[in-house]
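Below is the structure I would like to discuss, written out as C-alpha cells.
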Amino acid sequence: MIAQRLGFQDKVSEFALANGLLPADRVDGKLLVALSGGADSVALLLVLRRLGVNVVAAHCNFHLRGAESDRDEKFVRELCDREGVALVVKDFDVPEYMAQHGVSVEMACRDLRYAWFAHLLTSAGCEFVAVAHHRDDNIETFFLNALRGTGIAGLMGMHPRNGRVVRPLLCVSRTEIEDYLAGMGRSYVTDSTNLECDVKRNKLRNKVLPLLDAEFPGCRNALEKTLSNVLECGNLYAEGVSLMRQIVCDEVNDEGEVVIDADCLLSMSNPVMLLFEILKPRGFKKEQCIAAVRDIRSGGSVGNRYESELFVLRVYRGKLKVLLRREDADEEFALNLNAGLVCEPVDLKIEAVEGGLSDSLGIDGKRVIALSNDVLKCDRVVLRHWRDGDRFSPFGMKGSKLVSDLFSDLHLEDREKAETWILDADGEILWVLGYRASRHFPVSPHAPGYLRLTLL
C-alpha cells in the first residue's frame with residue numbers, strides 16, 4: 001500500500017512539474033484547491049499536501065441537494081481541520097442566477113464557481129486554482145465534444161493548464177484515485193446525482209464507457225494515448241495557424257480589428273478553416289466564414305456584411321475587414337437649426353443669412369451647404385450615423401442613390417464610413433457631412449434668406 005501511495009504521488013508530481021502546475025515557490029507560493037468532498041478533490045488536496053504544496057481549500061455550497069449539500073460542507077470542514085488546511089466556504093443561490101441569466105443548472109454552477117475562484121485567487125494570494133479533473137473525466141469530455149461535432153480544439157480535451165486553472169490529476173484514473181484513498185484509509189462523500197443518468201456526461205460515465213470497457217479491455221489507456229496525440233497535433237496546428245495568420249492579415253490592432261488580404265487567404269489550402277480560426281475568437285460562426293469565402297471567390301457581393309456580437313465583417317475591394325460594431329450606430333442627436341454653433345457630436349456652425357444665394361459664398365456641398373428656411377418647419381432634425389439601406393437625392397442628380405454607393409464611389413474605408421455623419425430632417429437625408437448634399441430645401445437666388453451650415 002505504501003508503494004502504491006508513493007507511486008500515485010510520484011506520478012502526480014512528475015506530471016505537475018512537467019506542465020508547470022505548481023507554484024514557482026513551493027514554500028511561500030499558495031495553490032487554491034477546489035474541494036467538493038468527493039473522492040477526486042479529496043485525493044487532490046491530500047496528494048498536494050504530501051508533495052509539500054501550500055494550499056488553501058475552497059468549497060462551494062450550491063444548496064441543490066438539501067441535507068446532502070450540508071453533509072458535504074460538514075465533511076470538508078472536518079477534513080481541513082484534520083489536515084490543518086485553511087478553508088473558505090461560500091453559499092450560492094443557483095435558482096436566482098439561472099433566472100437572471102437564463103442558463104442551465106450546470107452552467108449556473110460553473111459560472112458561479114469560477115467567478116468566485118477568480119476572486120479568491122487575488123484575495124487569498126494564490127497563484128493557481130487546482131481542480132480535480134482526472135483522466136476519465138477527460139475521456140468523457142472527448143466523447144461529449146465529438147458527439148457535438150467539434151473541431152480539433154474540442155478533441156484535444158482538457159488541458160493540464162488553462163490560464164490560472166490547473167489540473168494535476170489528468171494523468172491518473174478514477175480507479176487510481178480510489179486506490180490511493182483506500183491505501184491511506186481516507187473516506188470521501190458521494191454526490192448522489194452522479195449516479196443518475198439525466199445528463200449526457202452521466203450517461204457516458206454510467207452506461208457507455210462501462211460497455212466499452214467490457215467489449216474493448218484497455219480502451220481507456222488507448223484513449224488516453226489518443227488524447228495525448230491529439231493534444232500534440234492541436235498544438236502544432238495552432239502554431240501553423242499563427243504563422244498563416246501573420247501572412248494573410250495586413251493589419252491587426254489592439255481592439256481586435258483586422259484586415260485580411262482576400263487573394264492571400266484564397267491561396268491557402270483551406271481558406272475557410274483559416275478564416276474561421278482568425279474570426280472565431282471574435283464571435284463569428286463557421287457558416288459566416290463559408291459565406292465570406294464564397295463572396296470573394298465569386299468576385300462579387302462587394303460590401304456584404306456579416307455580424308457577430310461585437311464585430312462586423314465586410315467583404316470589400318479584395319479585403320475582408322473586421323471592425324468593432326459601433327455602439328452608437330443607432331444613436332441620434334437632435335439638432336437645433338437656430339443655434340449658432342454645435343459642438344456635439346460634430347463641430348458645426350449654423351448661420352442665418354439674409355438674401356438669396358450667391359455663387360461667391362464658397363458653398364461646396366461637401367463641408368458647406370445651404371438650406372432654405374423652410375427646413376425650420378421640420379418636426380425632427382437629427383444628426384446620426386449612416387445605416388445600411390440609407391438613400392438620398394444628391395444635388396444636381398435625378399432620382400436617388402444609396403449612401404453606400406456614394407461611399408464606394410469615394411473609395412472610403414470602413415472606418416471612414418462608420419465615422420460619417422448624416423443630417424436627417426423628417427426622414428429625408430439632407431447632407432452626408434463632408435461629402436455630398438441633397439437637393440432637398442434648395443435656396444433660390446431671390447429668397448429672403450437661408451441657413452448656411454459649415455462643418456468645422
Contact between L348 and L335 at the side-chain level, heavy atoms closer than 4.5 Å - yes or no?
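Touching, per the 4.5 Å side-chain cut-off.
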
Charged N-O contact under 4.0 Å between E176 and K11
yes

Can you give me the closest heavy-atom contact between G154 and T150, atom names plus distance?
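Scanning both residues completely, I find the closest heavy atoms to be CA-OG1, 3.1 Å.
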
For N145, side chain to side chain donor-acceptor pair (under 3.5 Å) partners two or more places apart:
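By the side chain to side chain donor-acceptor pair (under 3.5 Å) rule, N145 matches R148.
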
Rounded to the nearest 0.5 Å, the CG atom of D424 sits from the CG atom of L383 at a distance of 9.5 Å

Under the rule for side chain to side chain donor-acceptor pair (under 3.5 Å), what residues qualify as partners of K74, not counting sequence neighbours?
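With neighbours one apart ignored, the set is E78.
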
Grab the two heavy atoms, one from F15 and one from L170, that are nearest each other, plus how far apart they are.
CZ-CB, 3.8 Å

Would R77 and E73 satisfy salt bridge (Lys or Arg N to Asp or Glu O under 4.0 Å), going step by step from the backbone distance to the final call?
CA-CA 6 Å; R77 289 187 182 277; E73 180 179 328; 3.0 Å; yes

Scanning both residues in full, the closest heavy-atom pair of L433 with I422 reads CD1-C, 4.0 Å

Between R220 and L209, is there a side-chain heavy-atom distance shorter than 4.5 Å?
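With C-beta onward as the side chain, the pair touches.
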
Would you say that L147 contacts K200 through its side chain, given a criterion of any heavy-atom pair below 4.5 Å between the two side chains?
no

Looking at side-chain heavy atoms only, is the closest gap between V131 and Y114 below 4.5 Å?
yes

Electrostatic pair E332-R387, nearest N-O below 4.0 angstrom
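Here E332 pairs with R387 in a salt bridge, since their nearest N and O are under 4.0 Å apart.
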
Nearest 0.5 Å please: distance from the CG atom of D409 over to the CG atom of L402.
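Going from the CG atom of D409 to the CG atom of L402 covers 10.5 Å.
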
Among residues at least two apart in sequence or on other chains, which ones pass side-chain contact (heavy atoms from CB on, under 4.5 Å) with V88?
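So V88 forms a side-chain contact (heavy atoms from CB on, under 4.5 Å) with A58, W116, L120.
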
L231/H159 under side chain to side chain contact (heavy atoms under 4.5 Å, CB included): CA gap, chis, key distance, verdict
CA-CA 8 Å; L231 183 61; H159 293 250; 3.7 Å; yes

Using a 4.5 Å cut-off on heavy atoms from C-beta on, say whether the side chain of L31 contacts that of N54.
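In short, these two side chains do not touch, never coming nearer than 4.5 Å.
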
Tell me, do F407 and T420 make a side-chain contact under 4.5 Å, heavy atoms counted?
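F407 reaches T420 side chain to side chain.
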
Working to the nearest 0.5 angstrom, can you tell me the gap between L324 CG and L310 CG?
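Output value for this atom pair is 7.0 Å.
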
Side-chain heavy atoms of L455 within contact of W421, under 4.5 Å
no

Could you state the interatomic distance from CG (N138) to CE (M156), rounded to the nearest 0.5 Å?
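Separation between the atoms: 10.5 Å.
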
Exactly one of K207, R201, K203 should register a salt bridge (charged side-chain N to carboxylate O under 4.0 Å, His left out) with E140. Which one does?
R201

Nearest heavy-atom contact between P210 and R205 is CD-O, 3.3 Å

Going through the distances and angles, do D137 and R167 end up as a salt bridge (Lys or Arg N to Asp or Glu O under 4.0 Å)?
CA-CA 11 Å; D137 291 326; R167 300 182 173 93; over 6 Å; no

Restricting to salt bridge (Lys or Arg N to Asp or Glu O under 4.0 Å), what partner residues turn up for E232, sequence neighbours left out?
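Salt bridge (Lys or Arg N to Asp or Glu O under 4.0 Å) list for E232, sorted by chain: empty.
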
Considering only heavy atoms from C-beta outward, does the side chain of Y306 approach that of D295 to under 4.5 Å?
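With C-beta onward as the side chain, the pair touches.
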
Using every non-hydrogen atom in the two residues, find where F284 and E307 come nearest and quote the distance to one decimal.
CE2-C, 3.8 Å

Reported OH-to-CZ distance for the pair Y188 and F75, which is rounded to 0.5 angstrom:
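The CZ atom of F75 is 10.0 Å from OH of Y188, to the nearest 0.5 Å.
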
On a heavy-atom basis, which atom in V47 and which in Y180 lie closest, and how many Å separate them?
CA-OH, 3.5 Å

Only counting residues at least two apart or in another chain, list the ones meeting side chain to side chain donor-acceptor pair (under 3.5 Å) with S404.
none

Presence of salt bridge, R174 and D136, under 4.0 angstrom
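Judged by the 4.0 Å cut-off on N to carboxylate O distance, D136 and R174 do not form a salt bridge.
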
To the nearest 0.5 Å, atom CG of D390 lies from atom CG of D405 at 12.0 Å

R282 side chain to G256 main-chain N or O, any donor-acceptor pair under 3.5 Å?
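Between the backbone of G256 and the side chain of R282 there is a qualifying donor-acceptor contact (under 3.5 Å).
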
Would you say that more than 12 heavy atoms from the other residues, nucleotides or ligands in this model lie under 6.0 Å from the CE of M107, or not?
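Result for CE/M107: open.
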
Looking at residues at least two apart in the chain, or sitting in another chain, which of them share a salt bridge (Lys or Arg N to Asp or Glu O under 4.0 Å) with K366?
none

Flag the pair R50 and E83 as a salt bridge only when some basic side-chain nitrogen lies within less than 4.0 angstrom of an acidic carboxylate oxygen.
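Between E83 and R50 there is a salt bridge, with a charged N closer than 4.0 Å to a carboxylate O.
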
